[in-house]
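In what follows, a single structure is set out as structure tokens and then discussed.
Below, read A as the first sequence line, B as the second, and so on, with proteins coming before strands; counting in each chain starts at 1.
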Protein chains: 2
Amino acid sequence: MTYNEFKKLVNLSKEEISGQILERNRDSIKVKKEKKVIDNLIRIIDATLAICSKKSFQAMSIRDLSAESGLSRGALYSYFTNKEELLILIQSQGREIAYRVLTEQIAKGNDPVEKLRLAIKSHIYLSEAMRTWFYFTYIEARNLPKDEQKRAIESELLTEKIFIDIINEGIKEEAFRDVNVALAAAVIKAMLQDWYLKRWKYRNRKVSVDNYADFVIYVAESTLLIK
Amino acid sequence: MTYNEFKKLVNLSKEEISGQILERNRDSIKVKKEKKVIDNLIRIIDATLAICSKKSFQAMSIRDLSAESGLSRGALYSYFTNKEELLILIQSQGREIAYRVLTEQIAKGNDPVEKLRLAIKSHIYLSEAMRTWFYFTYIEARNLPKDEQKRAIESELLTEKIFIDIINEGIKEEAFRDVNVALAAAVIKAMLQDWYLKRWKYRNRKVSVDNYADFVIYVAESTLLIK
DNA sequence: CAAGAAAAAACGGACATCCGTCTTTTTTCT
DNA sequence: AGAAAAAAGACGGATGTCCGTTTTTTCTTG
């Protein structure tokens with residue numbers, strides 16, 4: 001699987017994502033026409049992610065968001081009840097999509113070696129397709145209120161659990177060496193995250209997403225496969 | 001080398017660090033008595049790092065800092081000209097220490113394999129000894145003004161260059177496989193950073209700093225050493 | 001050593017500005 | 001025309017910074 005194949009495979013239209021947000025937040029969204037809501041949610045989220053790739057969410061004012069999205073401050077407050085809820089809304093939706101796509105993809109693998117490759121590729125490709133979203137989710141997690149922060153941590157551990165399970169399975173089937181599983185999963189995750197956290201670096205060096213994914217797989221397999 | 005040995009080896013007293021800050025910023029510090037400056041710089045930096053481990057630098061108000069440090073708002077402004085300069089001050093000093101300690105340690109290695117181990121251990125041990133400092137430097141880098149941001153990026157690339165050089169040397173001496181050097185250095189760096197970015201995770205799992213360093217070395221050597 | 005003067009450092013009120021949010025008014029769409 | 005949506009404006013509160021004043025420390029002089 002290459003990145004282009006992945007993109008065709010996984011449909012991640014903005015309309016669909018905003019539709020899901022509407023479903024989950026009907027109560028707090030005051031505008032009734034569904035088409036309007038979806039259009040404006042897209043504008044709001046696009047604007048938020050664009051601004052927050054340059055400065056922090058805290059530093060982004062509602063006035064900034066108004067200017068970037070083209071909606072007035074008053075109008076914005078028809079789509080979320082307060083600024084913090086906007087943060088939570090984007091974060092929780094981001095986590096939801098990531099987990100869903102990841103589990104869907106890995107289910108296609110037949111053995112641990114194939115599953116590990118699929119998991120690595122899916123994660124990197126997904127973070128590439130939703131670059132700004134992933135960056136935002138990671139970098140702004142610490143500004144969430146306590147209970148949402150807890151959910152973010154659970155989500156991080158859940159993703160890691162996927163790798164832990166694959167590696168354990170591989171050890172049981174004697175395809176992988178008997179390494180410290182939790183640590184192996186943790187460092188693989190660290191490598192995956194580097195792709196969207198240090199995007200500027202890889203762009204400058206002209207490292208393609210396929211190059212990067214292949215290299216992470218190489219490192220993981222060098223560490224895990226029976227010699 | 002273990003973490004405890006490293007800590008004894010590298011003297012990182014707060015007084016020394018604050019003394020260096022004073023040297024580099026004499027112009028903007030209005031207080032004259034050296035002892036006073038050093039004492040209060042320690043209080044200010046400790047307070048800043050403590051607050052910013054819980055919320056962002058932006059979210060920390062000068063009033064917060066005043067309460068935590070025990071200095072009045074007016075007094076604080078005798079040690080920096082504005083809030084942004086305080087951020088720059090801590091960041092640039094953090095980078096300076098990190099680079100100095102790292103290069104000092106690696107110079108002790110005799111061959112690429114030994115140097116690589118030393119570089120990995122030094123980096124992880126240093127980030128452990130200066131945990132809050134490293135976290136702050138990483139997480140708040142994006143809130144720096146443009147020109148300081150550039151310096152932070154240069155510093156990141158400089159650290160990575162250390163690993164690139166070691167790996168290149170290893171390949172030339174036929175101790176390492178002929179891998180993509182830049183990518184190998186990048187993913188090693190990603191693993192190193194995970195130690196201080198996800199400190200809570202490793203603490204919960206009771207992974208010691210020595211455990212972690214050994215595992216990263218294991219991954220790096222599995223990837224690089226000739227089979 | 002003591003005591004008063006001078007210098008240094010710390011304090012904290014004041015101010016302009018900006019921000020999130022709420023309310024009221026205007027515009028748009030059916 | 002009437003309901004829905006957007007825009008505009010107002011408001012209270014918080015923030016960074018300045019600066020006149022007070023407190024602490026250091027120096028000087030007997």
Side-chain angles (χ1 to χ4, degrees), chain A residues 18 21-22 25-48 51-52 54-90 140 143-145, chain B residues 18 21-22 25-48 51-52 54-90 140 143-145:
Chain A
S18 285
I21 294 179
L22 173 55
N25 299 75
R26 241 183 237 287
D27 303 340
S28 52
I29 294 174
K30 284 148 202 144
V31 174
K32 297 184 179 175
K33 290 282 284 180
E34 188 161 322
K35 176 92 172 63
K36 263 255 130 86
V37 175
I38 288 174
D39 279 2
N40 284 338
L41 276 179
I42 292 174
R43 289 165 71 184
I44 292 170
I45 293 172
D46 279 354
T48 304
I51 295 170
C52 291
K54 288 169 197 156
K55 51 171 137 172
S56 74
F57 185 77
Q58 291 244 21
M60 176 191 81
S61 71
I62 296 294
R63 284 163 178 81
D64 290 340
L65 184 57
S66 168
E68 178 81 21
S69 69
L71 287 165
S72 71
R73 296 198 306 278
L76 288 175
Y77 275 84
S78 307
Y79 296 92
F80 49 82
T81 55
N82 57 49
K83 197 185 170 192
E84 190 175 70
E85 212 201 63
L86 172 63
L87 176 61
I88 295 174
L89 186 133
I90 298 179
E140 298 295 345
N143 297 321
L144 288 166
Chain B
S18 286
I21 293 180
L22 172 55
N25 298 76
R26 244 184 233 288
D27 303 341
S28 52
I29 295 174
K30 284 150 201 143
V31 174
K32 297 184 179 174
K33 291 286 283 179
E34 189 160 321
K35 175 91 174 60
K36 264 260 131 84
V37 175
I38 288 174
D39 279 2
N40 284 337
L41 276 179
I42 292 174
R43 288 164 74 185
I44 292 170
I45 292 172
D46 279 354
T48 304
I51 295 170
C52 290
K54 287 168 197 154
K55 51 171 138 173
S56 73
F57 184 79
Q58 292 246 18
M60 176 190 81
S61 72
I62 295 294
R63 285 163 178 79
D64 290 340
L65 183 57
S66 168
E68 178 82 19
S69 69
L71 288 165
S72 70
R73 297 196 308 280
L76 289 175
Y77 276 85
S78 306
Y79 296 92
F80 48 81
T81 55
N82 56 51
K83 197 185 171 192
E84 190 176 69
E85 213 202 62
L86 172 63
L87 176 61
I88 294 174
L89 187 133
I90 299 178
E140 299 294 346
N143 296 322
L144 289 167

Carboxylate-amine/guanidinium contact B:R43 B:D39, below 4.0 Å = no

Both distances under 3.5 Å, Watson-Crick or G-U wobble: report the partner of C:dA16, or none.
-> D:dT15

Nearest heavy-atom contact between A:K55 and A:M60 is CD-N, 4.2 Å

Please name the residue in the list B:N82, B:N25, B:L144 that meets the side-chain contact (heavy atoms from CB on, under 4.5 Å) test with B:I88.
-> B:L144

Chain A footprint on DNA chain C, 5' to 3' - any atom under 4.0 Å from a heavy atom | C:dC19 to C:dT21

What are the two closest heavy atoms between A:T48 and A:L65, and how far apart are they?
-> OG1-CD1, 3.4 Å

Hey, which of these two, A:G70 or A:R63, hits DNA chain D nearer its 5' end, going by closest nucleotide?
-> A:G70

For the student: nearest non-hydrogen atoms of B:V31 and B:S78, plus distance | CG2-CB, 3.8 Å

When every non-hydrogen atom of B:A59 is compared with those of B:D64, the smallest separation belongs to O-OD2, 3.8 Å

Provide the Watson-Crick or G-U wobble partner of C:dC1, both distances under 3.5 Å; none if there is no partner.
-> D:dG30

In whole angstrom, what separates B:K83's NZ from D:dC18's P?
-> 15 Å

Distance-only, no hydrogens or angles: does the B:K30 side chain make a donor-acceptor pair with backbone N or O of B:Y77 under 3.5 Å?
-> yes

Which residues, if any, of residues 30-45 of chain B bring a heavy atom under 4.0 Å of DNA chain C?
-> B:K30, B:V31, B:K32, B:K33, B:K36, B:N40

Give the rounded distance in Å between these two atoms: CG of B:L86 and C1' of D:dG16.
-> 13 Å

Contact list for DNA chain D against residues 72-82 of chain A - heavy-atom distance below 4.0 Å = A:S72, A:R73, A:G74, A:A75, A:Y79

How far apart are the closest heavy atoms of A:S28 and A:T81, and which atoms are they?
-> CB-CG2, 3.7 Å

Minimal heavy-atom distance between B:L71 and B:S66, with the atoms involved, is O-OG, 2.7 Å

Measure from the side-chain N and O atoms of B:K83 to the backbone N and O of B:S61, and report whether any donor-acceptor pair falls under 3.5 Å.
-> no

Just by distance, do the side chain of B:E140 and the backbone of B:L87 share a donor-acceptor pair under 3.5 Å?
-> no

